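Basis for what follows: all heavy atoms, side chains included, without hydrogens, waters or symmetry-related copies. Numbers for residues simply follow the sequence, beginning at 1. Small disclaimer: the values here were computed from a predicted structure and weren't measured.
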Amino acid sequence: MARPTIERPDFGGPFPEHLAIIMDGNGRWAREQGLRRVLGHSEGVHSVREITTECARMGVKSLTLYAFSVENFKRPKAEVGFLMRLLAKFLVDERPTLMNNGVRLRAIGRLDELPKNALAALRETERLTERNDGMLLRLALAYGARAELADGLRRFAREVAEGRVRAEDIHDETLRDYLYDPHTPDPDLLIRTAGELRISNFLLWQISYSEIYVAKECWPQFRRPQLLAALEDYARRVRKFGGLVNDAPAPRSDSARPGLPAR
């Protein structure tokens with residue numbers, strides 16, 4: 001499947017190659033509309049479709065969506081069941097959209113904890129899209145960053161016990177090898193919706209130097225205009241990675257929209 005025609009917006013500064021999103025506020029949006037919580041999740045699917053399509057067309061290389069955390073299993077059984085059925089339906093219904101936009105699907109998390117029907121739909125959609133050569137869409141499912149680190153360290157400990165590696169071999173990059181997806185570069189930009197100022201156990205290792213943008217809109221309200229606002233804000237950032245501001249490439253000047261002060 002060929003990639004879609006890329007139409008990347010130019011805000012006069014850097015553009016994120018990897019975008020990660022904490023999709024928050026489905027239930028809050030539903031309450032504000034006088035609807036049941038679960039209907040907020042259904043409406044949020046439309047945002048997933050639009051943001052995925054827009055990112056693919058803008059030339060984002062990787063998009064990671066926090067879809068279901070390990071903690072979400074603590075929610076009422078009826079809501080969890082609805083979410084799992086919605087996930088399975090989404091994974092089937094969105095196959096044409098993924099194929100038409102050249103998107104590859106991959107999931108990260110404790111996937112064996114998903115119900116069999118959702119896991120089967122996931123594996124089939126991954127298989128169908130694996131040869132697409134456009135954007136990588138990663139769904140974090142039954143995911144928690146602490147669980148990811150624990151699972152990785154457990155696997156490393158087993159390999160030490162088996163004599164395959166030495167404990168002293170561990171360092172930043174070798175630890176990365178034991179994450180769920182060690183090959184996808186870290187996110188450049190992390191977006192959280194619904195105005196919440198929390199990371200919520202998401203990609204704790206990978207977002208060490210990610211820029212963070214908080215949108216006031218709940219996830220069902222987050223569409224192309226809100227995405228463009230986040231990308232425009234990112235273009236005004238100066239990324240230092242622990243160094244001095246003079247060591248980092250400065251964004252192009254834009255007299256109409258002055259840049260943010262260096263942080």
Side-chain angles (χ1 to χ4, degrees), residues 11 13-33 35 37 40-41 43-48 50-52 54-55 60 62-75 79 83 108-109 138-150 179-180 184-242 245 248 251 257-263:
F11 295 117
F15 187 88
E17 301 291 344
H18 183 180
L19 179 63
I21 304 179
I22 300 173
M23 304 181 294
D24 191 22
N26 288 337
R28 184 188 310 175
W29 176 87
R31 289 195 303 271
E32 291 172 352
Q33 309 304 312
L35 303 172
R37 276 180 52 84
H41 300 305
E43 186 65 23
V45 169
H46 299 299
S47 291
V48 172
E50 182 166 330
I51 296 305
T52 297
E54 291 295 334
C55 284
V60 173
S62 302
L63 172 64
T64 301
L65 301 178
Y66 202 4
F68 192 87
S69 73
V70 289
E71 291 82 10
N72 288 155
F73 281 117
K74 300 175 184 177
R75 292 185 177 186
E79 182 174 348
L83 287 169
I108 57 173
R138 299 195 310 173
L139 296 181
L141 296 165
Y143 176 87
R146 289 181 175 180
E148 178 177 26
L149 293 173
L179 301 177
Y180 293 142
T184 300
D186 295 340
D188 299 299
L189 175 62
L190 171 66
I191 296 174
R192 178 160 192 153
T193 59
E196 298 294 346
L197 303 176
R198 296 188 300 275
I199 300 301
S200 295
N201 198 21
F202 184 48
L203 301 177
L204 296 179
W205 175 268
Q206 298 90 334
I207 63 169
S208 295
Y209 281 101
S210 300
E211 298 294 318
I212 299 176
Y213 177 88
V214 177
K216 66 180 186 300
E217 295 85 2
C218 292
W219 177 244
Q221 302 166 304
F222 193 89
R223 302 297 174 92
R224 175 182 167 85
Q226 289 74 30
L227 175 63
L228 290 174
L231 296 175
E232 184 176 12
D233 182 86
Y234 176 82
R236 301 198 301 271
R237 306 286 182 97
V238 177
R239 306 190 71 193
K240 297 182 289 184
F241 299 96
V245 66
R257 302 192 68 88
L260 297 176
R263 298 177 301 158

Peer 1: Okay, side chain of Ser47, backbone of Phe222: is any donor-acceptor separation there less than 3.5 Å?
Peer 2: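 Flag set: sc Ser47 to bb Phe222 pair under 3.5 Å.
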Peer 1: If every non-hydrogen atom of Ala235 is compared with every non-hydrogen atom of Pro14, which pair is closest and at what distance?
Peer 2: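 Taking every non-hydrogen atom into account, O-CD, 3.2 Å.
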Peer 1: Tell me whether Arg224 at atom CZ has more than 12 heavy atoms from other residues, nucleotides or ligands lying less than 6.0 Å away.
Peer 2: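 Not buried by this count: 12 neighbours or fewer within 6.0 Å.
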Peer 1: Is it true that a side-chain atom of Glu43 and a backbone atom of Gly40 form a donor plus acceptor pair closer than 3.5 Å?
Peer 2: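 Answer holds: no.
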Peer 1: Check for a donor-acceptor pair, side chain of Tyr234 on one end and backbone N or O of Gly13 on the other, with a separation under 3.5 Å.
Peer 2: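 The answer is no, because no donor-acceptor pair under 3.5 Å joins these two groups.
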Peer 1: Rounded to the nearest 0.5 Å, what separation is found between the CG atom of Leu141 and the CG atom of Leu65?
Peer 2: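 So the CG of Leu141 and the CG of Leu65 are separated by 9.5 Å.
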Peer 1: Using the side chain to side chain donor-acceptor pair (under 3.5 Å) rule, collect all pairs that involve residues 194-205, keeping only residues at least two apart or in two chains.
Peer 2: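 Applying side chain to side chain donor-acceptor pair (under 3.5 Å) to every pair that reaches into residues 194-205, excluding sequence neighbours, yields Arg28-Glu196, Glu71-Asn201, Arg192-Ser200, Glu196-Arg198.
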Peer 1: Donor-acceptor pair, distance only, cut-off 3.5 Å: does the side chain of Arg239 make one with the backbone of Tyr209?
Peer 2: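 Between the backbone of Tyr209 and the side chain of Arg239 there is a qualifying donor-acceptor contact (under 3.5 Å).
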Peer 1: Thr193 side chain to Asp24 main-chain N or O, any donor-acceptor pair under 3.5 Å?
Peer 2: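 Yes, the answer is positive, given that a donor and an acceptor are paired below the 3.5 Å cut-off.
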Peer 1: With distance as the sole test, does Glu217 use its side chain to make a donor-acceptor pair with the main-chain N or O of Ala194 at under 3.5 Å?
Peer 2: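 Not confirmed, Glu217 side chain does not pair with Ala194 backbone.
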Peer 1: Looking at Tyr213 and Leu189, what are the two nearest heavy atoms and their distance?
Peer 2: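 In terms of heavy atoms, the two residues are closest at CB-CD1, 4.0 Å.
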Peer 1: Taking the side chain as C-beta and beyond, is there a heavy-atom pair between Glu17 and Val60 under 4.5 Å?
Peer 2: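 Sidechains of Val60 and Glu17: no contact.
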Peer 1: side-chain contact (heavy atoms from CB on, under 4.5 Å) between Tyr143 and Leu203: does it pass, once the steps are laid out?
Peer 2: CA-CA 9 Å; Tyr143 176 87; Leu203 301 177; 3.5 Å; yes
Peer 1: I'd like to check the side-chain hydrogen bond (donor to acceptor under 3.5 Å, both in side chains) partners of Thr52; sequence neighbours left out, ordered by chain and number.
Peer 2: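 So Thr52 forms no side-chain hydrogen bond (donor to acceptor under 3.5 Å, both in side chains) with any residue.
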Peer 1: Evaluate the side-chain contact (heavy atoms from CB on, under 4.5 Å) criterion for residues Leu149 and Arg146: first the C-alpha distance (whole Å), next the side-chain angles of each, then the deciding distance (0.1 Å), finally the verdict.
Peer 2: CA-CA 5 Å; Leu149 293 173; Arg146 289 181 175 180; 5.7 Å; no
Peer 1: For the side chain of Asp233 and the backbone of Ala230, is there at least one donor-acceptor N/O pair under 3.5 Å apart?
Peer 2: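 Answer holds: no.
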Peer 1: State the SG-CG distance between Cys55 and Leu19, to the nearest 0.5 angstrom.
Peer 2: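 Cys55 atom SG to Leu19 atom CG measures 5.0 Å (nearest 0.5 Å).
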Peer 1: Less than 4.0 Å between a side-chain N and a carboxylate O, is that true for Arg37 and Glu79?
Peer 2: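 A salt bridge links Glu79 with Arg37.
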Peer 1: Rounded to the nearest 0.5 Å, what separates atom CD1 in Ile21 from atom CG in Leu227?
Peer 2: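 CG of Leu227 is found 6.5 Å from CD1 of Ile21.
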Peer 1: Could you tell me whether the side chain of Glu32 and the main chain of Trp29 form a donor-acceptor pair under 3.5 Å?
Peer 2: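 Not confirmed, Glu32 side chain does not pair with Trp29 backbone.
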Peer 1: Is there a side-chain contact (heavy atoms from CB on, under 4.5 Å) between Leu204 and Ile199 once you walk through the steps?
Peer 2: CA-CA 8 Å; Leu204 296 179; Ile199 300 301; 3.6 Å; yes
Peer 1: Going through the distances and angles, do His41 and Leu83 end up as a side-chain contact (heavy atoms from CB on, under 4.5 Å)?
Peer 2: CA-CA 8 Å; His41 300 305; Leu83 287 169; 3.4 Å; yes
Peer 1: Between the side chain of His18 and the main-chain N/O of Asp188, is any donor-acceptor distance below 3.5 Å?
Peer 2: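 Flag not set: sc His18 to bb Asp188 has no pair under 3.5 Å.
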Peer 1: Between Phe68 and Phe73, is the ring centre distance below 6.0 Å?
Peer 2: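 Here the rings of Phe73 and Phe68 have centres that are less than 6.0 Å from each other.
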Peer 1: How far does CG of Leu63 sit from OG1 of Thr184, to the nearest 0.5 angstrom?
Peer 2: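 Reported to 0.5 Å precision, the distance equals 11.5 Å.
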Peer 1: Can you name the closest pair of heavy atoms from Pro187 and Ile207 and give their distance?
Peer 2: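 Looking at all heavy atoms of both residues, the shortest contact is CG-CG2, 4.1 Å.
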Peer 1: If you look at every heavy atom in Pro220 and Gly25, which pair is closest and at what distance?
Peer 2: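 Closest approach of Pro220 to Gly25, heavy atoms only: CD-O, 4.1 Å.
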Peer 1: Which distance, rounded to the nearest 0.5 Å, do you find between the CG of Leu190 and the CD of Gln206?
Peer 2: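 If I round to the nearest 0.5 Å, the distance is 11.0 Å.
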Peer 1: Under 4.5 Å between any side-chain heavy atoms of Ile22 and Trp219, yes or no?
Peer 2: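 The answer is no; the side chains never approach within 4.5 Å.
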Peer 1: Can a donor-acceptor pair be found, under 3.5 Å and without considering hydrogens, that links the side chain of Glu148 to the backbone of Tyr180?
Peer 2: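 At least one qualifying donor-acceptor pair exists.
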Peer 1: First locate atom CG of Asp186, then atom OG of Ser208, and finally report the distance between them rounded to the nearest 0.5 Å.
Peer 2: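 Asp186 atom CG to Ser208 atom OG measures 7.0 Å (nearest 0.5 Å).
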